Amino acid sequence: MTQRVKFYQTGTWTVGNRLLDAEKRTVQATTERRNALTSGHRACQGCGEALGARYAVDAALAAANGKVIAVNATGCLEVFSTPYPESSWQLPWLHSLFGNAPAVAAGVAAALKAKGRTGVRVIAQGGDGGTVDIGFGTLSGMFDRNDDVLYICYDNEAYMNTGVQRSSRTPAGARTATTPAVGPHPGNPPGQGKNPALIAVAHEIPYVATASVSDLHDLEDKVKKAMSISGARYIHIHVPCPLGWGARSCDTIKLARLAVQSGLFPLWEAQDGEITKVTPIRRPVPVSEYLKLQKRFRHVLKDEAMVAAIQDIAERNIRRFGLLGQGEE
Amino acid sequence: MLKQIEGSNAVAQAVALCRPEVISAYPITPQTHIVEDLSALVRQGKLGNCQFLNVESEFAAMSSVIGASAAGARAYTATASQGILFMAEAVYNAAGMNLPIVMTVGNRAIGAPINIWNDHSDSMAMANSGWLQLHAETNQEAVDLHIIAFKLAETISMPVMVCMDGFILTHAYERVDIPTQQQVDSFLPPFAPMQMLDPDDPVTMGAMVGPEAFMEVRYLMHQKHLQALDLLPRLVDEFETLFGRRSGEMVAPYRLEGAKTVVVAMGSVNGTIKDVVDDMRGEGAAIGAVKVGAFRPFPLSGLRYALSAAKRVVVIEKDLAPGLGGVFASNVRMALRGLPTPVYTVIAGLGGRTITKAALKETFARAMADEIEDPAFLGLKREIVEAELARMHEKPRSGPMAENILRQMGLVGYRL
């Protein structure tokens with residue numbers, strides 16, 4: 001069976017790699033990319049997390065000359081990449097528990113410092129549940145101590161590994177296994193949840209960014225920038241989950257892009273407690289464009305008030321971050 | 001060098017002599033003095049490049065030493081009581097990954113009711129985590145056990161807890177011989193990890209293991225404990241050769257010649273027990289004692305041998321399995337399985353209740369006459385228990401038990 005090869009991500013309005021100067025091309029576009037998360041793993045088709053992890057870890061490896069140790073929280077990424085005796089990781093990789101990846105990574109960083117292995121860098125990664133819920137205490141501790149760790153959260157907005165239960169990143173209205181849309185209950189209740197990237201900024205750590213698998217250049221740039229800085233750093237990557245969101249596998253990138261373009265997932269950077277850059281929305285779309293591709297919002301689309309409430313969330317983000325060009329860029 | 005020193009300060013100096021590379025700790029009484037001293041030593045630059053992490057919880061304390069050990073550093077932490085329960089998930093994880101971490105446990109009760117005083121409920125709760133558990137009788141032994149623990153841990157690549165009775169040892173000032181750096185260096189070589197996170201030789205650690213191999217991984221953990229049963233006595237001998245004293249014996253008999261009744265215990269209470277044995281021997285009683293120095297691995301055959309001539313065994317233990325009785329005593333019975341020797345359980349010293357010579361003597365006398373309930377509760381105030389039972393019987397909403405009992409006793413700031 002033949003496969004059609006796409007040289008460009010259509011519809012992104014971004015410049016193709018081969019039109020750029022060599023040094024500006026993405027790590028993924030080079031033959032030297034390390035494939036840190038190599039093929040053969042057991043992620044679902046269209047998994048945004050697998051994609052995000054490969055982009056992010058390869059970029060980190062490129063920035064650190066291949067000298068990276070990765071710590072992983074329990075979750076989809078851990079389970080699909082390391083069913084004994086197989087491993088997809090082509091770098092030293094440690095999984096301990098669900099809620100302790102930031103603390104484990106802090107320990108690794110401390111050991112490297114004690115041993116004088118200064119050229120080796122540490123990244124830690126986990127999903128939204130492991131990062132924002134059960135691991136939030138250890139994450140805050142890592143920020144507080146300014147441990148020399150880049151923490152990457154792959155946010156697919158629910159506990160996908162255990163069967164799509166609500167997390168504190170589940171958006172308003174979304175149906176999950178523990179926020180079913182039954183009778184008057186609109187899926188996940190609006191007015192709940194937390195924004196870990198802004199909480200990271202409140203810790204005044206050296207670097208915080210949000211990123212999306214829909215913008216590879218931006219994602220890689222942010223990882224590279226994070227790797228050029230010492231201390232605690234946090235990147236929050238939006239990674240659609242076809243299984244949990246009830247979306248088509250082929251729509252992962254499209255959904256990620258619609259989340260950004262609608263204003264539901266703003267892209268920005270912050271340094272030392274100040275937001276320093278936002279990525280403007282080029283072609284705004286209403287949130288319904290994003291919602292209608294996902295079965296988790298099917299009930300929401302029948303509820304005008306709920307759609308309006310979600311649109312309000314997007315509008316607030318647009319105002320707050322200046323996403324329509326009034327940003328600080 | 002001989003010093004009149006607090007147990008915690010002495011342990012801090014022993015740990016420092018072991019050249020730790022990463023120390024991580026969260027404050028909890030009664031271990032705090034140990035890590036306070038170590039943090040000062042790190043800041044004074046006396047521990048070379050050692051890193052001291054002030055973490056936000058015991059869960060993070062254990063998690064960060066997991067990371068440090070996996071990255072090839074000699075890693076240490078200390079905890080107690082609620083702290084060890086808060087880190088429980090990571091305690092199991094460290095053992096499952098064969099990381100040779102050393103942790104001091106300043107043994108302390110577990111609430112509710114909240115209580116900061118000594119018993120063994122905390123380390124007992126982790127008895128089956130895979131960690132080796134050594135118990136110190138004196139502060140000298142606590143010092144020596146830490147040095148032995150690092151070598152034991154790193155030789156078999158398993159984590160070791162050094163348990164010392166909270167307050168009774170941690171806060172007691174007594175004479176302790178602190179070894180020299182040269183002595184410790186000649187006993188304890190630099191850490192050569194079995195496994196290490198290294199970009200030049202990448203490995204995956206902490207992979208998921210299904211039913212096809214989990215049993216084998218667990219069996220090998222058991223095997224490592226069996227290995228420790230052989231190794232620890234050799235380390236005790238080696239330690240004696242270099243340091244001139246015996247510390248860390250898993251089974252230490254005391255006046256067993258002709259003893260029909262043998263008392264078995266762990267930790268600092270052995271000192272009091274030996275005094276009582278001396279007194280009763282003076283009065284002609286055929287009594288002796290055995291100190292157990294390791295709860296994991298449990299020295300089944302060593303203990304069976306030591307108790308082989310006993311007509312009865314009395315186990316003094318500082319914890320309680322509600323609904324069963326003794327935990328330590330159950331392990332002692334396992335050592336004596338198939339033998340007719342009665343093993344009496346005496347639950348003593350819970351939540352820091354003082355264990356007096358008089359109470360022990362009275363208990364041993366009853367045991368020698370085989371007139372002791374099993375389990376017995378040393379110094380239990382029966383009238384208080386009866387009154388509270390009556391209250392609960394009379395009034396469905398009788399209120400919180402602990403508070404009722406304190407009110408009934410009219411005790412605030414009661415002297416231990």
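Residue numbers start from 1 in every chain, and the chains themselves are labelled A, B, ... in the order their sequence lines are given, proteins ahead of strands. Because the structure is a prediction, the values reported are computed rather than measured. Worth knowing before you read on, the calculation uses all heavy atoms, side chains too, and leaves out hydrogens, waters and symmetry mates.
- The CE atom of B:Met208 sits 12.0 Å away from the OG atom of A:Ser87 when rounded to the nearest 0.5 Å.
- For chain A, the nearby parts of B:Ala90 are the backbone and the side chain; heavy atoms of each come within less than 4.5 Å.
- To the nearest 0.5 Å, atoms CE (B:Met87) and CG (A:Leu97) are separated by 12.0 Å.
- A donor-acceptor contact shorter than 3.5 Å is absent between the side chain of A:Asn100 and the backbone of B:Ala60.
- Ranking B:Leu53, B:Ile66, B:Val65 against chain A, the residue ahead of the rest is B:Leu53, based on heavy-atom pairs under 4.5 Å.
- Between the side chain of A:Lys115 and the backbone N or O of B:Gly72, at least one donor-acceptor pair lies under 3.5 Å.
- Proximity to chain B among residues 140-168 of chain A is limited to A:Gly141, A:Arg145, A:Asp147, judged by heavy-atom separations below 4.5 angstrom.
- More than 12 heavy-atom neighbours from other residues, nucleotides or ligands sit within 6.0 angstrom of CD1 on B:Ile116.
- Contact annotation for B:Asn54: only backbone heavy atoms (N, CA, C, O) come within less than 4.5 Å of a heavy atom of chain A.
- When every heavy atom of A:Val108 is checked against every heavy atom of B:Ala71, the shortest pair comes out as CG1-CB, 4.0 Å.
- Smallest separation of non-hydrogen atoms from B:Ala68 and A:Ala111: O-CB, 3.5 Å.
- Although no hydrogens or angles enter the test, the distance criterion places a donor-acceptor pair under 3.5 Å between the side chain of B:Asn93 and the main chain of A:Ser96.
- Under a cut-off of 6.0 angstrom, the local environment of CD in B:Gln181 is crowded, with over 12 non-hydrogen atoms contributed by other residues, nucleotides or ligands.
- In the displayed structure, B:Lys151 atom NZ is contacted under 6.0 Å by more than 12 heavy atoms of other residues, nucleotides or ligands.
- The stretch residues 64-78 of chain A places A:Gly66, A:Lys67, A:Val68, A:Ile69, A:Glu78 near chain B, each with some heavy atom under 4.5 Å from a heavy atom of that chain.
- Contacts between A:Ala105 and chain B at a heavy-atom distance below 4.5 Å are absent for every atom of the residue.
- Atom NZ of A:Lys194 has more than 12 heavy atoms from other residues, nucleotides or ligands within 6.0 Å.
- For the residue pair A:Thr138 and B:Phe59, the shortest heavy atom distance occurs at CG2-CD2, 3.9 Å.
- By the neighbour-count criterion of 12 heavy atoms within 6.0 Å, atom CD of B:Glu216 is densely surrounded, having more than that number from other residues, nucleotides or ligands.
- Between chain A and the options B:Pro202, B:Pro199, B:Ala213, the largest number of non-hydrogen pairs under 4.5 Å is found for B:Pro199.
- With a 4.5 Å cut-off on non-hydrogen atoms, B:Met196 touches chain A through its side chain but not through its backbone.
- We find the CG-CG distance between A:Leu91 and B:Asp198 to be 11.5 Å, quoted to the nearest 0.5 Å.
- In terms of heavy-atom proximity, A:Ala114 sits nearest to B:Glu21 at CB-O, 3.3 Å.
- With a 4.5 Å cut-off on non-hydrogen atoms, B:Val203 touches chain A through its backbone but not through its side chain.
- To the nearest 0.5 Å, the span separating OG1 on B:Thr204 from CH2 on A:Trp93 amounts to 6.5 Å.
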